[in-house]
Amino acid sequence: MASTTTETAAEAVDLLAKFDPIIQTREQLLSAGVEDPFNLVMEQVLSPTRAICNGRDTILLGTYNYMGMTFDEDVIAAGKQAMEDFGAGTTGSRVLNGTFRDHRDVEAALREFYDMDHAMVFSTGYQANLGIISTLAGKGDYIILDIDSHASIWDGCAMGNAEVVPFKHNDIEALEKRLKRVPEGAGKLVVLEGVYSMMGDVAPLREMVRIAKENGAMVLVDEAHSMGFIGEHGRGVAEEQGVLADVDFIIGTFSKSVGTVGGFCVSNHPKFEVLRLVCRPYVFTAALPPSVMASSAVSIRKLMHGGNKRTHLWENSRTLHQGLIDLGFKLGTETPQSAIIAVIMPDLEKGAMMWEALLKEGLYVNLARPPATPAGMTLLRCSLCAEHSAEQVQTILGMFERAGTAIGII
Ligand code: PMP
C-alpha cells in the first residue's frame with residue numbers, strides 16, 4: 001500500500017520556535033490580567049491629542065504627532081484634492097511611473113525647509129535609513145555609530161555589508177577612539193541621531209561632527225525626532241548646535257512632526273542625485289500616494305512658520321518634566337531636552353501595570369522595553385504635542401500621581 005505524505009514527511013524544524021521565550025513572557029504578562037499594551041485600537045481619533053482607545057476617551061501622550069499637524073485643515077484639504085485629481089495610489093516605483101507632481105513638490109518643500117540642494121523622498125523613514133546607509137557604505141567601508149541607534153540604522157548597516165563599529169552612547173571620546181582605529185584610506189561614515197527616541201536625550205553633535213570631520217569621515221544625522229521644533233528654523237539638533245553645514249546627509253521622516261507618512265534624505269553633496277538610480281529601497285518599491293505627498297508638502301511649508309507652536313511645545317515639555325520629578329518619578333534625562341520624556345519603571349511587570357493604570361485613567365503612553373530600550377530598561381515614554389493645552393498637561397500629571405501611588409512606584 002502506498003504510504004501517505006504524512007507518513008513519509010520528515011519533521012520540519014519549527015522556524016518560529018526561537019520566539020518561544022517572547023511568547024512566554026507575553027502570556028505571563030497577560031495572564032496577570034493586564035490589558036495588552038501592544039494591541040491598542042484607536043476606534044476614533046478626535047484630535048491630535050484625544051482619541052477613543054479601547055472604548056475610552058483618552059489623552060494621547062504616546063504619539064509622535066509633535067506639532068499636531070494630523071488635523072491641520074490645509075494639510076487635509078491638500079490631500080483630499082490630490083486624491084481627487086491624481087487617484088488613490090501610484091502603482092509604481094519613483095524611477096518608473098511613480099513620480100507625480102506632488103512627489104516633486106514635496107522634495108522642493110524639503111529643499112526650502114532645510115535650505116539644501118537635494119532632497120529624496122522614500123516610502124518611510126525606516127526605508128530612508130535602510131537605503132541611504134546601505135548604498136553609501138558597502139563592503140570594505142566603515143560605519144561608526146552610536147550603540148543606541150534606531151533599528152533602521154542598524155538594518156541599513158547590515159544590508160550594506162560594511163564594517164560596523166559601535167561606540168558608547170553619546171560618548172565623544174569613544175567616537176574619537178573608534179575613528180582613529182579605522183584603517184587609513186577606508187571609507188568612513190559616522191551615523192548619529194539628533195534626539196534619541198527612547199530616552200529623549202540630545203546628541204553632542206557640535207563636538208561629534210567636528211571629530212568626524214577631523215578624521216576624514218562623512219556624517220549622517222537622523223533628525224526624525226527633532227524636525228519641526230528644534231533649531232531656529234526647526235531643522236533639528238544639527239542646526240541648534242551650529243553644525244548643519246558640516247553634516248553630509250540628514251535623514252528624516254514625515255511620520256512625526258509632519259504628521260503623515262514617508263521618509264527622506266537631504267544633502268548638499270554634488271553627486272547626490274545618482275542615489276536615485278542605485279539605492280534599492282528607493283528603486284524597488286512603490287512611491288507614496290499623491291494625497292500623502294500633497295499633505296506632506298503643505299505640512300512642511302507650514303512648519304517653516306511654526307514658531308509659536310514650538311514655544312508652546314517647549315513649555316509643555318518643561319512643565320511635564322518638572323511635574324513628574326516633583327511627584328518622585330525617575331526620568332531618562334535630568335533636564336527636558338526634547339518633546340520625549342521617558343519615565344523609568346522598576347521592571348516590566350510594574351511598567352505594564354502602570355501603563356494599564358494610566359490607560360484606565362484615560363491616558364495613553366508608550367510602553368517600551370528591551371530590546372528597543374537601552375540597558376534592559378522598561379520605560380513609559382511620553383511624547384508631547386504642541387496641541388496639548390496647559391490644562392491637559394496638569395490633568396496628565398494628576399493621572400500619573402494617582403496611577404503611580406496605586407501601583408506603588410511613587
Ligand atoms: N529614525 C528614527 C530615529 C526613528 O525613531 C524612526 C521611527 N520611530 C525612524 C527612523 C523610522 O521612521 P518611519 O516611521 O518613517 O519609518
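Remember, it's 1-based here, ligands and their atoms both numbered in the order they're listed.
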Distance-only polar pair, side chains of Asp20 and Gln24, donor-acceptor under 3.5 Å: no
Identify, for atom 11 (C) of ligand 1, the protein heavy atom at the shortest distance, and state residue, atom and that distance. Tyr126 N, 3.4 Å
With no hydrogens and no angle check, just 3.5 Å: does a side-chain donor-acceptor pair link Ser226 and Glu223? yes
Answer with yes or no whether the side chains of Asn215 and Lys180 bring together a donor and an acceptor at under 3.5 Å. yes
Would you please say whether a donor-acceptor pair under 3.5 Å links the side chains of Thr333 and Asp201? no
Classify the side-chain pair His233/Tyr114 by whether it contains a donor and acceptor separated by less than 3.5 Å. no
Exercise: do Arg94 and Thr99 side chains pair donor with acceptor under 3.5 Å: yes
Under 4.0 Å from a heavy atom of Gly262: which atoms of ligand 1 are those, numbered in the order shown and with their elements? 15 (O)
By number and element, which atoms of ligand 1 are closer than 4.0 Å to a non-hydrogen atom of Glu193? 3 (C)
Which segment of Asn129 sits under 4.0 Å of ligand 1 when only heavy atoms are counted: side chain
Answer side chain, backbone, both or neither: which part of Thr124 comes under 4.0 Å from ligand 1, heavy atoms only. both
Write out the residue and atom name of the closest protein heavy atom to atom 9 (C) of ligand 1, then the distance separating them to 0.1 Å. His150 CE1, 3.5 Å
Between Ser152 and His150, do the side chains contain an N or O donor and an N or O acceptor separated by less than 3.5 Å? yes
Shortest protein contact, atom 1 (N) of ligand 1 (heavy atom only): Asp222 OD2, 2.6 Å
Ser255 heavy atoms within 4.0 Å reach ligand 1 at atoms 13 (P), 14 (O), 15 (O)
Full working for side-chain hydrogen bond (donor to acceptor under 3.5 Å, both in side chains) between His169 and Asp146: CA-CA 5 Å; His169 178 57; Asp146 190 293; 2.9 Å; yes
When you compare the side chains of Asn54 and Glu35, does any donor N or O come within less than 3.5 Å of an acceptor on the partner? yes
If we ignore angles and hydrogens, is there a donor and acceptor under 3.5 Å between the side chains of Asp155 and Asn129? no
Nearest non-hydrogen protein atom, atom 8 (N) of ligand 1: Lys256 NZ, 2.9 Å
Mind checking whether Ser152 has a heavy atom under 4.0 Å from ligand 1? yes
Among the heavy atoms of Ala128, does any lie under 4.0 Å from an atom of ligand 1? no
For ligand 1, which atoms have a heavy atom of Thr253 less than 4.0 angstrom away? 12 (O), 13 (P), 15 (O)
Taking only non-hydrogen atoms of His225 and a 4.0 Å limit, the atoms of ligand 1 in range are 3 (C), 4 (C), 5 (O)
Would you mind checking which non-hydrogen protein atom is closest to atom 13 (P) of ligand 1, with the distance to 0.1 Å? Gly125 N, 3.4 Å
Give the numbers and elements of all ligand 1 atoms closer than 4.0 Å to a heavy atom of Ala224. 1 (N), 2 (C), 3 (C)
